[in-house]
Engineer: 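The structure is given below, and queries will be raised subsequently.
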2 protein chains.
Amino acid sequence: MKIDPNKPADLSAQIAAAIRDAIVSGALIVDERLPSEAELADHFHVSRPTVREALKRLAAQSLIRTQRGATGGAFVRRLSYEDAYSQQITTSTLLLSMNAIRFDTACEARYALERACAPLSAQRRSADHLATMRSEIFRQGQPGLTDEAFCASDVAFHRALVDGAGNPVLSYQLAGAVEAMQPLMNMITFTARSRTEIVGLHARIADAIEAREAAAAEAVLSELEVYTQDLGRNVMAERAQRSG
Amino acid sequence: MKIDPNKPADLSAQIAAAIRDAIVSGALIVDERLPSEAELADHFHVSRPTVREALKRLAAQSLIRTQRGATGGAFVRRLSYEDAYSQQITTSTLLLSMNAIRFDTACEARYALERACAPLSAQRRSADHLATMRSEIFRQGQPGLTDEAFCASDVAFHRALVDGAGNPVLSYQLAGAVEAMQPLMNMITFTARSRTEIVGLHARIADAIEAREAAAAEAVLSELEVYTQDLGRNVMAERAQRSG
DNA sequence: GAAATTCATTTGTCAGACATTTAAAAGTCT
DNA sequence: AGACTTTTAAATGTCTGACAAATGAATTTC
């Protein structure tokens, strides 16, 4: 690592890129300590604030962690699944909200990905995953449940379905898709969603997963998609009529 | 927006979080200009370097862009698909390389997601997507092609297949999965991969997509997965034998 | 009226300083 | 000698003040 063309601008971005490259290329390994800020400043021929800005960029991407004190410094951080989840969710949410993604596009993507997990989940789901699905279904049937709590339970149910596939990479990829849909789903929930219908479909999904019937699970997921898409169209139409 | 409990540490992280919340919640909209660094410093009762560290954190996540000059400042940035792609790829790559993900886990996830796109791609692919797939297949058959170029072409082929589904959210989700697999795939390519076999399977996928036969496309993708998994097992076994 | 100039604003960078945290080294007492 | 306390050094966190560079707007000039 460690070169720095002095011509263009934005030194802190260049330094951050240099260190990032060193990390992704494996030149810096997990838990390895970076040189101190003063040493880095000396090495790159810049001031300490500039180095600090570069380090903050890396910290924002969960690439390093810093520790104060005598043996402190910046250390290469192991990117955990949790960190990756939250980054994915933030990115997906912003992407959807800032680019005027149509509801049907997001919905289609979400259920397509979820159907991809169904066969694996039917095959491998543990009793634990199944219990989570059942308990979330039970909660969704409680009369006093707020809309927010129902939505959260809905996410938890689908999360259990995905996690049942026993593939952390798949879970990580799906986290963004499912969670980022939440604001869009809320838009519908508070107007038109029939909880009874949803709970019934959820129960059939759980049944199929319990019976290890992959095709049935996929089919019910498709039904759920159709139902959700219909709701979306109705809400859109109503909204258009009201404003027109 | 903008409150800041003064008790805990890491002021720049708190300020970054406050501004980030304002963006995700919609209080700050795209292309809106943030207050100047001096104004932010005044508002949060911190110094300008601290504010700058916070802004660099946000810039690292592609949430803002900065511009110098009289009418310059920090502006809320529209998160583009390209930005989201590259962030996803970086995150996925690091997640895989830092957590000792098994080859079969990553491979399974990748093909499961890709199969999810197949039906949509079979239904909607344009002549353009098909032409890209065909031309990449042709390139993969050229004898003088380097291993690196073959890998890049492989990625381009699968990318065209995914993009054929015409769902940008799906394309975004898949980009990370496919590209992050590249280093792991290279591990195999340089030892055992039979290009003829791969090209043949690719051709059958393209045929199925052209004929709009979703089930056939999924089936060939499954064959490709099995072939890839076999290669992975062989490479692992050989490696184990050599070291043992 | 158009071109050139000045100017004010804002980010980018630097230098130096002090505060705080933390672990190791040094010192002290039993 | 061993355990406890104190000191010290190293590192990050933060602040102040300053200058450089870019850039659009206002002003001046022809």
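Lettering of chains follows the sequences in order, A, B, ..., and the numbering in each one begins at 1.
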Engineer: If you look only at distance, which donor and acceptor atoms sit under 3.5 Å apart when one is on a side chain in residues 70-77 of chain A and the other is two or more places apart or in another chain?
Structural biologist:
unit_1	atom_1	unit_2	atom_2	d
A/R77	NH2	A/D83	OD1	3.3
A/R77	NH2	A/D83	OD2	2.9

Engineer: Who pairs with B/Y172 by ring pair (Phe, Tyr, Trp, His ring centres under 6.0 Å), at least two apart in sequence or on another chain?
Structural biologist: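 B/Y172 satisfies ring pair (Phe, Tyr, Trp, His ring centres under 6.0 Å) with no residue once adjacent residues are dropped.
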Engineer: In chain order, what residues pass the side-chain contact (heavy atoms from CB on, under 4.5 Å) check against B/S25, with sequence neighbours excluded?
Structural biologist: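 In terms of side-chain contact (heavy atoms from CB on, under 4.5 Å), with neighbours along the sequence ignored, B/S25 is linked to B/A27.
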Engineer: Taking five pairs at each end of the helix from C/dG1-D/dC30 to C/dT30-D/dA1, what angle separates the two helix axes (nearest 10°)?
Structural biologist: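 Its terminal axes enclose an angle near 20°.
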Engineer: What parts of residues 59-73 of chain A reach DNA chain C, counting only heavy atoms under 4.0 Å away?
Structural biologist: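 Residues of residues 59-73 of chain A that come under 4.0 Å of DNA chain C are, in numerical order, A/R68, A/G69, A/A70, A/T71.
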Engineer: In whole angstrom, what separates A/D10's CG from C/dT11's C1'?
Structural biologist: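 Atom-to-atom, A/D10 to C/dT11, this comes out as 10 Å.
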Engineer: Round to the nearest Å and state the distance from B/E37 atom CD to D/dA22 atom C1'.
Structural biologist: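 Rounded to whole Å, this separation is 14 Å.
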Engineer: Could you list the donor-acceptor pairs under 3.5 angstrom formed between side-chain atoms of residues 125-132 of chain A and any protein atom two or more places apart in sequence or on another chain?
Structural biologist:
unit_1	atom_1	unit_2	atom_2	d
A/R125	NE	A/I209	O	2.9
A/R125	NH2	A/E210	O	3.0
A/S126	OG	A/D128	N	3.2
A/S126	OG	A/H129	N	3.2
A/S126	OG	A/H129	ND1	3.1
A/H129	ND1	A/S126	N	3.3
A/T132	OG1	A/D128	O	3.1

Engineer: Listed by chain and number, what are the side-chain hydrogen bond (donor to acceptor under 3.5 Å, both in side chains) partners of B/R233, not counting sequence neighbours?
Structural biologist: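 side-chain hydrogen bond (donor to acceptor under 3.5 Å, both in side chains) list for B/R233, sorted by chain: B/D230.
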Engineer: Does anything in residues 49-57 of chain A come within less than 4.0 Å of DNA chain C? Heavy atoms only, and list the residues if so.
Structural biologist: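 DNA chain C contact set from residues 49-57 of chain A: A/T50.
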Engineer: Could you check how far CG of B/L11 sits from P of C/dA19, rounded to whole Å?
Structural biologist: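 So the two atoms are 16 Å apart, to the nearest Å.
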Engineer: Rounded to whole Å, how long is the line connecting atom CG of B/L40 with atom C1' of D/dC15?
Structural biologist: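 Going from CG in B/L40 over to C1' in D/dC15 covers 17 Å.
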Engineer: Could I get the full list of side-chain hydrogen bond (donor to acceptor under 3.5 Å, both in side chains) partners for B/S12, not counting sequence neighbours?
Structural biologist: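 Applying side-chain hydrogen bond (donor to acceptor under 3.5 Å, both in side chains) to B/S12 gives B/R57.
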Engineer: Not counting sequence neighbours, which residues clear salt bridge (Lys or Arg N to Asp or Glu O under 4.0 Å) with B/R48? List them please.
Structural biologist: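 With neighbours one apart ignored, the set is B/E37.
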Engineer: Between C1' on C/dT22 and CZ on A/F75, what's the gap in Å once rounded to a whole number?
Structural biologist: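 Atom CZ in A/F75 sits about 12 Å away from atom C1' in C/dT22.
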Engineer: Side chain of B/R33: nearest nucleotide among C/dT13, C/dT10, D/dT12?
Structural biologist: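 Given the options C/dT13, C/dT10, D/dT12, the side chain of B/R33 is closest to C/dT10.
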Engineer: Just how far, in rounded Å, is C1' of D/dT16 from CZ of B/R48?
Structural biologist: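 Answer to the nearest Å: 12 Å.
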Engineer: Do A/E225 and A/R110 have side chains that approach each other closer than 4.5 Å (heavy atoms only, starting at C-beta)?
Structural biologist: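 Contact flag for A/E225/A/R110 side chains = no.
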Engineer: Got a sec: does the CD of B/Q67 have more than 12 other heavy atoms crowding it under 6.0 Å?
Structural biologist: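 Correct, the count exceeds 12.
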Engineer: I need the NE2-P distance between A/H45 and C/dT13, as an integer number of Å.
Structural biologist: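 Computing the A/H45:NE2 to C/dT13:P distance gives 16 Å.
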Engineer: Check side-chain hydrogen bond (donor to acceptor under 3.5 Å, both in side chains) between B/R139 and all other residues, then give those that pass, not counting sequence neighbours.
Structural biologist: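 For B/R139, no residue satisfies side-chain hydrogen bond (donor to acceptor under 3.5 Å, both in side chains) once neighbours in sequence are set aside.
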Engineer: Could you list the residues that satisfy side-chain hydrogen bond (donor to acceptor under 3.5 Å, both in side chains) with B/S36, not counting sequence neighbours?
Structural biologist: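 B/S36: side-chain hydrogen bond (donor to acceptor under 3.5 Å, both in side chains) contacts with B/E39.
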